[in-house]
Structure formats: structure tokens, C-alpha cells
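Inspection log for the structure reproduced underneath, given as C-alpha cells.
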Amino acid sequence: MLPLDVLVPVAGLALLDTLSPAVIGVSLYVLLSGSRSVARPLLAYLGTVAAFYLALGCALMLGLGFALDRLGGLLDDTALGWILTVAGGGALVFSFFMSTGPRPRRPASLRTGAMVALGLGTGVLEGATALPYFGAIALLTAADPSPLVWLPVLAAYNLVMVLPGVLLYLGLRALGERARPRLERWRAKVESGGRGALPWIVGIAGFLLLRQGLWLTGALAGLGVTVG
């Protein structure tokens, strides 16, 4: 079982990843497409995004774990803390100067194959918005749990990441046409100003990594600040 000082920031990063403009934008477009069946293309897209990032996360966890094993005792908690501190501080500063990123892509077709391809494209091309995920992987790697522990955590993280699309679908099913005007307004906001969320996502993720890194170095404890 992972300690709370790891689970809490990982959970916070997962909630932050629910703000992905790409996932929300594509979900809204599919739901408002007027198609008779939106469940299949939406689930194909969301499932592909979640599966892609789960596979990526497993590869990174195994690769980073192997690298740390090879390094042996060269990296203790303090050294890992400074790595997270530098990475988090750099991301926080970068968020003030970064561009807002590309517009969320619209699917060319609602066929299952097209939605799977779009899901893979989201995973490959929207790499900048994956900073919270990479931060969570760094925190899990520093905790050095067994695969039986970190695999369910990564799976839960990815389910949370695509949860907004599922909730939007359930809301439309429950409220019917009454929900359509509000969803239309949300889609317009995502398409016009949703890109501005990217610097916020990167900045908040950077702050969480910086905070966790300072805790591992002992700098926060010296100031009487506790984490978790």
C-alpha cells in the first residue's frame, strides 16, 4: 500500500488531468454530433486514450525502475527530491511563458476505427498536457512500489482522466435535450478558450511536483511544513 504522502499528490494530479481540453472537446463534439449512437464512438475514443496512457505509464515505470535499480544507492530520497524540485520548478516557470497549444481536434468520422485512430493521435500529439501524468509516474517511481501496487494506481489514474467524457455522456442520457444547450456552450468555450487551460495545467502540476520534491529533500520539514 502506498503512503498518503504519495497517494494524495498522485490523486491531485489525476484530477488535474481531467481538465484535458482534447478529451473534453472530442467528447462534447461526439455527444452533440446528432448521431443516433454516440456511446460506441465515444467509448472507443476514451478507451483508446486510457489504454494508450496506461501502456505508456507501464513502460515508463518499468524503464525508470530498471534505471534506478542500476544506479543502486546513488539516488536516495534527497537526490530524488531535488530532481522533482528542479523539474517542478522548471514546469512552473515555463507555464508563465508557454503558448496555449493546439486546438482540440474534431473527429473526421464517428466510425470506431476513426475514433481509435483519433485516440492514438491524442496520446501521441497532446504530449504537453501529459505533464501531470509524468509527474505522477515520477512520484510513484520515487516510492518504489511493486508492480502489484503501482499498476492498479495507474489504471485508476487513467480511468479518472477520461471520466469527464463518461459523465458528460451520462448527463446527456439522463437529461436529454435539456442538457444540449449547456453542452453547446461548453463546447464553444473549449473550442475558443479551452487552450488557455494548458498553461494552468502545467503550472499546477509543476507546483505539486515542486512541493513534493521539497518535502523529500527535507526543506519543508525544516520550515515546519508537513505534506500529506
Side-chain angles (χ1 to χ4, degrees), residues 10-33 35 37-64 91 98 100-140 147 150-173 183 186-187 189-191 193-202 204-205 208:
V10 168
L13 290 167
L15 292 175
L16 185 61
D17 240 346
T18 62
L19 301 177
S20 168
V23 172
I24 295 176
V26 171
S27 297
L28 287 171
Y29 183 83
V30 172
L31 293 175
L32 298 172
S33 63
S35 174
S37 176
V38 296
R40 179 179 295 178
L42 180 62
L43 292 179
Y45 171 74
L46 296 177
T48 301
V49 171
F52 176 90
Y53 278 111
L54 178 60
L56 176 63
C58 289
L60 289 173
M61 286 293 300
L62 293 173
L64 289 174
M98 68 183 298
T100 54
R103 289 181 179 272
R105 291 170 172 76
R106 289 188 175 188
S109 168
L110 295 185
R111 294 181 178 178
T112 301
M115 297 306 296
V116 169
L118 183 62
L120 292 174
T122 298
V124 172
L125 300 178
E126 303 292 333
T129 61
L131 181 62
Y133 190 45
F134 295 149
I137 290 172
L139 295 177
L140 289 174
W150 60 253
L151 183 57
V153 173
L154 282 186
Y157 185 108
N158 285 282
L159 289 177
V160 171
M161 182 174 64
V162 300
L163 187 60
V166 177
L167 295 178
L168 288 171
Y169 170 75
L170 294 176
L172 183 61
R173 290 282 296 178
L183 295 182
W186 288 351
R187 184 175 71 175
K189 288 182 179 179
V190 170
E191 291 180 346
R195 294 174 297 163
L198 180 57
W200 283 97
I201 293 174
V202 173
I204 296 173
L208 291 174

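- For residues 54-63, no residue pair satisfies the side chain to side chain donor-acceptor pair (under 3.5 Å) rule, not counting sequence neighbours.
- In this structure, the side-chain contact (heavy atoms from CB on, under 4.5 Å) partners of A44, at least two apart in sequence or on a different chain, are T112, M115, V116.
- Between I137 and W150, every side-chain heavy-atom pair lies at or beyond the 4.5 Å cut-off.
- A pairwise comparison of heavy atoms in L16 and P132 identifies CD2-CG, 4.0 Å as the closest pair.
- Taking L32 as the reference, R180, L183, E184, R187 meet the side-chain contact (heavy atoms from CB on, under 4.5 Å) condition, with sequence neighbours excluded.
- In this structure, OG on S33 lies 9.5 Å from CG on L42, to the nearest 0.5 angstrom.
- Scored by the side-chain contact (heavy atoms from CB on, under 4.5 Å) test, L15 finds V160 as partners (sequence neighbours excluded).
- Residues Y53 and D17 fail the side-chain proximity criterion, which asks for heavy atoms closer than 4.5 Å.
- Rounded to the nearest 0.5 Å, atoms CG (N158) and CG (L163) are 12.0 Å apart.
- Partner M61 forms a side-chain contact (heavy atoms from CB on, under 4.5 Å) with one of V153, L140, L151 and no other, that one being L140.
- Residues that satisfy the side-chain contact (heavy atoms from CB on, under 4.5 Å) test with V162, not counting sequence neighbours, are L46, V49, A50.
- Here the straight-line distance linking atom OH of Y133 with atom CG of L54 works out to 5.5 Å at 0.5 Å rounding.
- At distances below 3.5 Å, at least one donor-acceptor pair connects side-chain atoms of Y157 with backbone N or O atoms of L13.
- Annotation for P152 and P147: closest pair CD-O, 4.0 Å, computed over non-hydrogen atoms.
- Nearest heavy-atom pair across G165 and S27 is CA-OG, 3.5 Å.
- Pairs passing the side chain to side chain donor-acceptor pair (under 3.5 Å) check and including a residue from residues 37-46, sequence neighbours excluded, read Y45-T122.
- The distance from atom CE of M161 to atom CG of L154, rounded to the nearest 0.5 Å, is 10.5 Å.
- Rounded to the nearest 0.5 Å, atoms CG (L167) and CD1 (I24) are 10.5 Å apart.
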